[in-house]
Amino acid sequence: MSKVALLQITSSDDPVANLTMVRDMMAVAKAQGAEWVLTPEVTNCLSGSRTHQNEVLKPQADCPVLAGLRDAANEMGLWVLAGSLAVKSDPPETRFANRSFLINDKGQIAAHYDKMHMFDVQVSETETYRESSGYAPGDRAVVADTPFGKVGMSICYDLRFAYLYRALAKAGADILTVPSAFSTATGPSHWEPLLRARAIETGCFVIAPAQTGTHSSGRGPTRKTYGHSMVVSPWGDVLLDAGTDTGVFVVDLDVSDVQKARSKIPALTHDRTFSGPDE
């Protein structure tokens with residue numbers, strides 16, 4: 001049995017302020033017995049202004065939020081999933097990377113993953129996103145070893161692409177992480193059903209720390225995120241729904257539940273090759 005803590009936050013566009021907030025919440029999680037702390041997508045900076053992002057974001061090697069989280073993980077003896085941090089990419093790529101970092105309890109980067117699927121959508125007449133205009137997509141799936149089980153990493157919009165999660169599970173993942181800044185336009189209808197589907201399809205725990213509330217700074221458009229950080233069991237049961245308030249939410253995980261679910265419905269072993277439908 002292990003204790004994991006999901007931090008549900010409302011990130012601003014000020015990385016230094018966001019780091020201070022997250023460090024304080026990590027200390028609360030530690031006091032509640034957590035061994036692993038997970039933060040949402042774009043923990044370091046949620047901004048609708050590319051100009052402002054260019055001013056405050058740094059390459060990975062110089063990112064103060066990453067450095068601060070690594071120091072905090074080491075000081076507190078916690079594993080940390082920095083759900084994602086926006087960082088500047090290496091030249092010649094001019095777009096940012098939306099990168100998830102798994103940090104061990106010594107402050108070392110155990111794994112990282114770049115978001116593969118870009119949120120290029122028009123969810124309403126007034127709400128349009130073109131993530132690929134500012135972020136370069138990744139091209140590598142990642143499964144990492146932790147004391148809590150093997151972790152398959154993903155970010156937000158990846159959630160809609162079931163083949164990624166099946167590949168992660170087949171590569172040994174027991175736990176799937178889905179740090180997110182989910183839109184309020186899609187969240188009420190899609191968030192919980194998609195998370196539960198990914199858990200049921202793979203027999204994995206799904207852990208999804210989320211941004212919540214209104215993100216407004218006067219620079220760029222106001223952004224609203226859905227909240228409802230969730231933990232779903234390998235059987236598809238919702239173990240946590242954090243609602244819309246910010247806070248620290250601690251859940252017990254028993255990784256043996258993964259094998260119990262898969263022994264009942266071994267769907268990962270039932271793949272079939274097939275032809276069509278366009279042949």
**Student:** Is there a side-chain contact between Thr212 and Asp245 in this structure, where contact means two heavy atoms from C-beta onward sitting under 4.5 Å apart?
**Tutor:** no
**Student:** Mind listing the closest non-hydrogen atom pair of Leu268 and Arg166 along with its distance?
**Tutor:** CA-NH2, 3.6 Å
**Student:** Might you point out which heavy atoms bring Ser100 and Pro179 nearest each other, and give the distance in Å?
**Tutor:**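 Taking Ser100 first and Pro179 second, the nearest heavy atoms are OG-CG, 4.5 Å.
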**Student:** Linking Ile, Leu, Val, Met, Phe, Trp and Tyr through side-chain heavy atoms less than 4.5 Å apart, which residues share a cluster with Met25?
**Tutor:** Leu7, Ile9, Leu19, Met21, Val22, Met26, Val28, Val37, Val65, Leu66, Leu69, Met76, Leu78, Val80, Leu85, Val87, Phe101, Ile103, Ile109, Val248, Val250
**Student:** Mind checking whether Met153 and Arg99 have side chains closer than 4.5 Å, heavy atoms only?
**Tutor:** no
**Student:** Report the distance from atom OG of Ser47 to atom NE2 of His52, rounding to the nearest 0.5 Å.
**Tutor:** 5.0 Å
**Student:** Are a donor atom and an acceptor atom from the side chains of Asp254 and Ser256 found within less than 3.5 Å of each other?
**Tutor:**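 There is such a pair between these side chains.
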**Student:** Decide yes or no on ring-ring contact (aromatic ring centres under 6.0 Å, His included) for Phe161 and His117, but give the supporting numbers first.
**Tutor:** CA-CA 8 Å; Phe161 300 88; His117 300 95; 3.8 Å; yes
**Student:** If the condition is side chain to side chain contact (heavy atoms under 4.5 Å, CB included), which residues does Ala110 pass it with, not counting sequence neighbours?
**Tutor:** Trp79, Leu102
**Student:** Check whether any side-chain heavy atom of Arg160 sits under 4.5 Å from a side-chain heavy atom of His190, and report yes or no.
**Tutor:** yes
**Student:** Output all residues satisfying salt bridge (charged side-chain N to carboxylate O under 4.0 Å, His left out) with Lys264, sequence neighbours left out; order by chain, then residue number.
**Tutor:** none
**Student:** Find out whether Lys88 and Asn54 are in side-chain contact, i.e. whether some heavy atom of one side chain is under 4.5 Å from a heavy atom of the other.
**Tutor:**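 SC-SC contact between Lys88 and Asn54 confirmed.
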**Student:** Which value, rounded to the nearest 0.5 Å, describes the distance between Leu195 atom CG and Leu159 atom CG?
**Tutor:** 5.0 Å
**Student:** Would a 4.5 Å heavy-atom cut-off, applied to side chains only, mark Arg262 and Cys204 as touching?
**Tutor:**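 Yes, close enough: below the 4.5 Å cut-off.
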**Student:** Once salt bridge (charged side-chain N to carboxylate O under 4.0 Å, His left out) is applied, do any residues pair with Asp257, and if so which ones, sequence neighbours excluded?
**Tutor:**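 Salt bridge (charged side-chain N to carboxylate O under 4.0 Å, His left out) list for Asp257, sorted by chain: Lys260.
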**Student:** Return the set of residues passing side chain to side chain contact (heavy atoms under 4.5 Å, CB included) with Ser189 (not counting sequence neighbours), or none when no residue passes.
**Tutor:**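 With sequence neighbours excluded, Ser189 shows a side chain to side chain contact (heavy atoms under 4.5 Å, CB included) to no residue whatsoever.
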**Student:** Would you please say whether a donor-acceptor pair under 3.5 Å links the side chains of Thr225 and His215?
**Tutor:**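 On atom types as modelled, these side chains qualify, holding a pair under 3.5 Å.
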**Student:** Quick test of your reading of the model: are Glu131 and Lys115 salt-bridged, counting only N-O distances below 4.0 Å?
**Tutor:**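 The answer is yes: the pair qualifies as a salt bridge.
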**Student:** Test of understanding: clusters of I, L, V, M, F, W, Y form through side-chain heavy atoms closer than 4.5 Å, transitively. Do Leu240 and Ile200 belong to the same one?
**Tutor:**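 No, separate clusters.
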**Student:** Please identify each residue that fulfils salt bridge (charged side-chain N to carboxylate O under 4.0 Å, His left out) with Glu55, with sequence neighbours left out.
**Tutor:** none
**Student:** Are any of the side-chain heavy atoms of Ser229 and Gln8 separated by less than 4.5 Å?
**Tutor:**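 Side chain of Ser229 against side chain of Gln8, heavy atoms only: contact under 4.5 Å found.
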**Student:** Would a hydrophobic clustering, with Ile, Leu, Val, Met, Phe, Trp and Tyr connected at side-chain separations under 4.5 Å, put Tyr163 with Tyr113?
**Tutor:** yes
**Student:** So, using salt bridge (charged side-chain N to carboxylate O under 4.0 Å, His left out) as the criterion, who are the partners of Asp145 when residues are at least two apart?
**Tutor:**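 Per chain and number, Asp145 pairs via salt bridge (charged side-chain N to carboxylate O under 4.0 Å, His left out) with Lys150.
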**Student:** Would you please name every residue forming a ring-ring contact (aromatic ring centres under 6.0 Å, His included) with His228, sequence neighbours left out?
**Tutor:** Tyr226
**Student:** Could you walk me through whether Thr10 and Gln211 pass the side-chain hydrogen bond (donor to acceptor under 3.5 Å, both in side chains) test, one step at a time?
**Tutor:** CA-CA 6 Å; Thr10 306; Gln211 294 277 355; 5.6 Å; no
**Student:** So which heavy atom on Cys45 is nearest to which on Pro15, and how close?
**Tutor:** CB-CG, 4.3 Å
**Student:** Apply side-chain hydrogen bond (donor to acceptor under 3.5 Å, both in side chains) to residues Asp13 and Ser49 and explain how you reach the verdict.
**Tutor:** CA-CA 9 Å; Asp13 64 359; Ser49 169; over 6 Å; no
**Student:** Do the side chains of Ile207 and Leu253 get nearer than 4.5 Å, heavy atoms only?
**Tutor:** yes
**Student:** Atom OH of Tyr129 and atom OG of Ser183: how far apart are they, to the nearest 0.5 Å?
**Tutor:** 4.0 Å
**Student:** For a 4.5 angstrom cut-off between non-hydrogen side-chain atoms, does Leu164 reach Ser154?
**Tutor:** yes
**Student:** Using 0.5 Å steps for rounding, measure from the CG atom of Asp158 to the CG atom of Leu176.
**Tutor:**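 Here the rounded value is 11.0 Å.
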**Student:** Report the hydrophobic cluster partners of Met118, with the cluster defined as I, L, V, M, F, W, Y residues connected by side-chain heavy atoms closer than 4.5 angstrom, directly or transitively.
**Tutor:** Val42, Leu46, Val56, Leu57, Phe96, Tyr135
**Student:** For Ser133, which residues count as a side chain to side chain contact (heavy atoms under 4.5 Å, CB included) partner, sequence neighbours excluded?
**Tutor:** Arg50, Arg130
**Student:** Please name all residues satisfying side chain to side chain contact (heavy atoms under 4.5 Å, CB included) with Val238, sequence neighbours left out, ordered by chain then number.
**Tutor:** Glu192, Arg196, Met230, Asp241
**Student:** Quick test of your reading: applying ring pair (Phe, Tyr, Trp, His ring centres under 6.0 Å), list the pairs with at least one residue in residues 235-262, sequence neighbours left out, ordered by first then second residue.
**Tutor:** none
**Student:** Salt-bridged, Lys170 to Asp271, with N to O below 4.0 Å?
**Tutor:** yes
**Student:** Is the backbone of Phe182 close enough, under 3.5 Å, to the side chain of Thr186 for a donor and an acceptor to pair up by distance?
**Tutor:**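 Looks like no, no N/O pair under 3.5 Å.
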